[in-house]
Amino acid sequence: MRKMNLGAFVHETGQHVAAWRHPDAFAESGTDFAQSVAVAQTAERGLFDLLFLADSAAVSTMGSAEARGRMGKTVKFEPITVLSALAAVTKHLGLVATCTSTYNEPYTLARQFASMDQISGGRAGWNLVTSNNEAEAFNHGRDTHSAHADRYDRAAEFAQVVTGLWDSWDEDAFIRDKQSGVNYDTTKLHVLNHKGKHFSVRGPLNVARSPQGRPVLVQAGASDTGRDLAARMAELVFTAQNTFEQAAEFYGDIMARLPRYGRTQHEVKVMPGLYPVVGRSRAEAQDKFDFLQSLIHPSVGIQVLEHTIGVPNLAQYPLDGPVPDMADTNGPLSRQRLLLEAARRDNLTMWELCLLNAGPRGHLLTIGTPADIVDVMEHWFRNGACDGFNVMPAFLPGSLTDFVDMVIPELQRRDLFRTAYEGKTLRENLGLPKPASRWTGLPAVAE
């Protein structure tokens, strides 16, 4: 029977903008590695497929100084560093990190993720993104942020180079015969020799082939360009949808695009974000939600909304007034359109939109008992809207512990989720095929 896949999508103190203010929150996350270990081990206890870390290589300078000083998710560990360390204290949990194609070089990134995949025994995944934080440009020798279409054009070639480098070695290339003195078979080493519009990369990569073939390629863009890139290259697709109809449309569209690139539905999993607030009763769950919402300072609510939709100077609008029409920006188009559509659909004020954005940020919000949460998850899963969910705990560790202790058993009771890990690698647990090398079946040539 088909089972859900689950990711634990964690921010430093939790997904909610005021998470760090909760009395039981890990307020030092981003500076205290022990707290990262506790979160990862809780996710593994819950049999999650993966731990997912989003990232940004800049401190946000949007909004007022007052708002910035109230933010709890300003500093963070570099994701590959912390996930490689977490590989040593977990056994089954997949480790997925966001690293931008906009301000990185493909050889360096390919080497980093290949190394993490080896260290973890085949549990690594790369979330391919284009930067939507314009401040990152100023940290990488640039005066302006490149345009949305240009970022995606670079990203597609970037991913081609990275996956090509991950095929540098055949699985059985290393003989390591001490008696004969032969370390590796030179016919099983492959030079990429990529020359394209954005990159010229010779290769080969100086890291051996991964136990799972190569790290799982994740993609999270939901614009038309992002969807096409996902259908072309992604194996795991993260997305933000807050209604079943939106999610079903997105899922169907991704699956319909796959044949253009010679791919099948068995090669791709779609996992929308889920922001669950669970209690032993509906009243308890609502109280948990309301308490976190009460901790939001108005300046923080506005600043986070500016960052999420990429529109500055929102403080000029009355909090109790309507959400104004806004033109597309050079920021995160899909998230901007999703939230503004919700504001128009539900006739929200500016402050109501800030509150809507404070935790879920356009993802699916569910508040209730374990049965209530699973009812929604099962409906989406059984009716063509997803293959599982990227679970977004409101604050850490409490919201993740609630999900593991209350929601996971209900999923298992309905036979929707595993009771033990199926394999050793991330691909095996996700049910994704192990990719063949691009060199398979070609004549062997010594490099």
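Remember, predicted model here, so these are calculated numbers, not experimental data. Just so you know, residue 1 is the first one in the sequence shown, and it goes up from there.
In Arg414, the CZ atom is crowded: over 12 heavy atoms of neighbouring residues, nucleotides or ligands sit closer than 6.0 Å. Within a 6.0 Å sphere centred on CZ of Arg263, heavy atoms belonging to other residues, nucleotides or ligands number more than 12. Residue-environment remark: NZ (Lys424) stays at or below the threshold of 12 foreign heavy atoms within 6.0 Å. Within 6.0 Å of atom CZ in Arg382, more than 12 heavy atoms from other residues, nucleotides or ligands are found, so the atom counts as buried in its surroundings.
Using a 3.5 Å distance cut-off with no hydrogens or angles, the side chains of Thr369 and Asp372 do pair a donor with an acceptor. Side-chain atoms of Thr98 and Asp55 form no donor-acceptor pair, as typed in the model, at a separation below 3.5 Å. Side-chain contact, Thr264 with His266: no donor N or O sits under 3.5 Å from an acceptor N or O. Between the side chains of Asp228 and Tyr261, a donor-acceptor pair is found at a separation under 3.5 Å.
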Take Asp49 and Lys3 through the test salt bridge (charged side-chain N to carboxylate O under 4.0 Å, His left out) and record every step on the way to the result.
CA-CA 11 Å; Asp49 290 273; Lys3 298 287 197 296; over 6 Å; no
Hey, mind stepping through Glu249 and Arg227 against salt bridge (charged side-chain N to carboxylate O under 4.0 Å, His left out) and telling me if it holds?
CA-CA 12 Å; Glu249 184 279 328; Arg227 292 181 185 207; 3.1 Å; yes
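Side-chain N or O atoms of Arg209 include one that pairs as donor or acceptor with a backbone N or O of Trp166 at under 3.5 Å. Remark: side-chain polar atoms of Arg21 are paired, donor with acceptor, to backbone N or O of Leu295 under 3.5 angstrom. Arg2 places a side-chain N or O within donor-acceptor distance of the main-chain N or O of Phe381, the cut-off being under 3.5 Å.
Sorted by first and then second residue, the side chain to side chain donor-acceptor pair (under 3.5 Å) pairs involving residues 353-365 (not counting sequence neighbours) are Gln15-Arg361, Thr308-Asn357.
Going from atom CG of Leu305 over to atom CG of Leu353 covers 5.0 Å, rounded to the nearest 0.5 Å. How far CZ of Arg427 is from NZ of Lys434: 9.5 Å, rounded to the nearest 0.5 Å.
Under the 4.5 Å side-chain criterion, counting only non-hydrogen atoms from C-beta, Trp351 is not in contact with Asp320. His297 places none of its side-chain heavy atoms less than 4.5 Å from the side chain of Gln303. Annotation: side chain of Tyr152 is in contact with side chain of Ser223 (closest heavy-atom distance under 4.5 Å). You'll find the side chain of Phe289 reaches within 4.5 Å of the side chain of Leu365, heavy atoms only. At least one side-chain heavy atom of Gln412 sits under 4.5 Å from a side-chain heavy atom of Leu47. Taking 4.5 Å as the limit, some side-chain heavy atom of Gln118 sits within range of a side-chain heavy atom of Pro211.
By the 30° and 60° cut-offs, the orientation of the rings of Trp380 relative to Phe244 is perpendicular.
Taking Gln246 as the reference, Gln241, Asn242, Thr243, Leu338, Glu341, Arg345 meet the side-chain contact (heavy atoms from CB on, under 4.5 Å) condition, with sequence neighbours excluded.
For the side chain to side chain contact (heavy atoms under 4.5 Å, CB included) with Val216, the lone residue among Lys269, Glu235, Arg123 that qualifies is Glu235.
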